[in-house]
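Chain naming here is simple, since letters A, B, ... match the order of the sequence lines and numbering starts at 1 in each. Because the structure is predicted, anything quoted here is derived from the model rather than measured.
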Protein chains: 2
Amino acid sequence: MAKKSFREQILQVREDAIVSSVNRLLAEKGFEAMTVDEVAADVGVAKASLYKHFASKEALAAAAMIRVLDRTLAMIGELEADPRNADPAHAVEQLKAVARWTMQVQLAGEMPSLPAQNSTLRAELMENRSYLDRLMEVSEKLGRWIESAQSVGALDKSLPVEVIMYTLFARACDPVLGLLKASGQYQPEQIVSMLTKTCFEGLRGS
Amino acid sequence: MAKKSFREQILQVREDAIVSSVNRLLAEKGFEAMTVDEVAADVGVAKASLYKHFASKEALAAAAMIRVLDRTLAMIGELEADPRNADPAHAVEQLKAVARWTMQVQLAGEMPSLPAQNSTLRAELMENRSYLDRLMEVSEKLGRWIESAQSVGALDKSLPVEVIMYTLFARACDPVLGLLKASGQYQPEQIVSMLTKTCFEGLRGS
DNA sequence: GTCTATAACCAGATAGAC
DNA sequence: GTCTATCTGGTTATAGAC
């Protein structure tokens, strides 16, 4: 870790503030509805200053996604540190823990929601090395757990690994969470627990 | 059914063509990315003519959603016509049939995708009586099947009805479908069958 | 009702002084 | 680097002739 000048630290802090605002606004309104003016107002800087830090609106969103992936990798790293991790019998519990965590992040209003099919944003993300590297790393770690869980019969062996992986990713931004939260009838923990159950055990139940 | 003049029929046909285009474009690109110019060009009419039929872009989307709900109600009606429907033991099969059907519609590129949290669109939909009436009717019919299925233990009795209903609605626009389709590794029937299974039996499998 | 042309507006992005 | 002020492009919506 290189030492940084005081000036650089100030800049770093400002960028962090920008990414935090972007992350929250993306979670609240989504990419299209979020405006750069809004971000600038929220951070408390002029719009032109934002463009000194980030080249485009898409770059802002990418920075927020990278931060989320870093948080995810940190969370996965904690699970890996647990010595039980070596036992395939616990792999499915690790996956459930990841699913629960992503749902909690979403309920806390900290999960950016990116329209799956926005062309300019997707194109920019697919060319962003930092983003792709992290996405790949998450995929590999989850993929290993999925294979372990399948090998001991804790997950359906007839499902391709990528089907399970996509499903887990999708549950991190499942609109059902928001609907149940908006209904106001359930505690956050109830929602997470019900949806984790339906994800792994299905609507039929165990 | 009131008889219609020839002129009215012509208009009806044109409106149908407009709604079909809107439906397809919404499925392809979503509400925000779809432009009114595009719709006009696709239908082959002037943009101003569109505004004679529909008051706003939101009204266009609402018309497409209403058509989808009508198709859904027709599909549900066919299931209800089956005499076995009276037997609660078959309720879960009816629900699976509805889930499969909505996934097939999505795979066929005929399911409009409306960003869940667009304010202007949501506000307009929530004031559209035709839309709300149909949504209510679908909900009531599915709700009865869900309760029947729970009563015979075919669905998890511990889950509130609305949790199951929201989950079924959400699976109709699950991004996993699009991802698997885009991967090109699976036939449409495979995708539908795998996702129906994970929805009802979970990732763990039966 | 349909068309061409245009108004009105708003978002993303930039120029130039400090 | 940050600000104020402005440009540019694209979108919704409408005027007015036919």
Compare side-chain N and O positions of A:Arg14 against OP1 and OP2 of D:dT2 and report whether any pair is under 4.0 Å apart.
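Yes, because at least one side-chain N or O of A:Arg14 sits under 4.0 Å from OP1 or OP2 of D:dT2.
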So, does B:Ser49 get its side chain near the phosphate of C:dC3, meaning an N or O under 4.0 Å from OP1 or OP2?
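Yes.
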Please enumerate all residues that pass salt bridge (charged side-chain N to carboxylate O under 4.0 Å, His left out) together with [X], with sequence neighbours excluded.
X: A:Glu124; answer: none
X: A:Glu15; answer: none
X: A:Arg129; answer: none

A correct 5'-to-3' footprint of nucleotides 11-18 of chain D, with B, S and - meaning base, sugar-phosphate only and no protein heavy atom under 4.0 Å, is SBBBB---
Does any donor atom in the side chain of B:Gln94 or B:Asn85 lie under 3.5 Å from an acceptor atom in the other side chain?
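There is such a pair between these side chains.
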Going by side chain to side chain contact (heavy atoms under 4.5 Å, CB included), name the residues that satisfy it together with B:Glu201, two or more places apart in sequence or in a different chain.
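So B:Glu201 forms a side chain to side chain contact (heavy atoms under 4.5 Å, CB included) with A:Arg204, B:Lys96, B:Lys197, B:Ser206.
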In whole angstrom, what separates B:Phe54's CZ from C:dT2's C1'?
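Taking CZ of B:Phe54 and C1' of C:dT2, I get 16 Å after rounding.
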Over how many whole Å does the gap from A:His53 atom NE2 to C:dA13 atom C1' extend?
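In whole Å, C:dA13 C1' lies 16 Å from A:His53 NE2.
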Under 3.5 Å, side-chain donor or acceptor atoms of residues 186-194 of chain A against the rest of the protein: list the pairs with distances, not counting sequence neighbours.
{"unit_1": "A:Tyr186", "atom_1": "OH", "unit_2": "B:Glu162", "atom_2": "OE2", "d": "2.8"}
{"unit_1": "A:Gln190", "atom_1": "OE1", "unit_2": "A:Gln187", "atom_2": "N", "d": "2.9"}

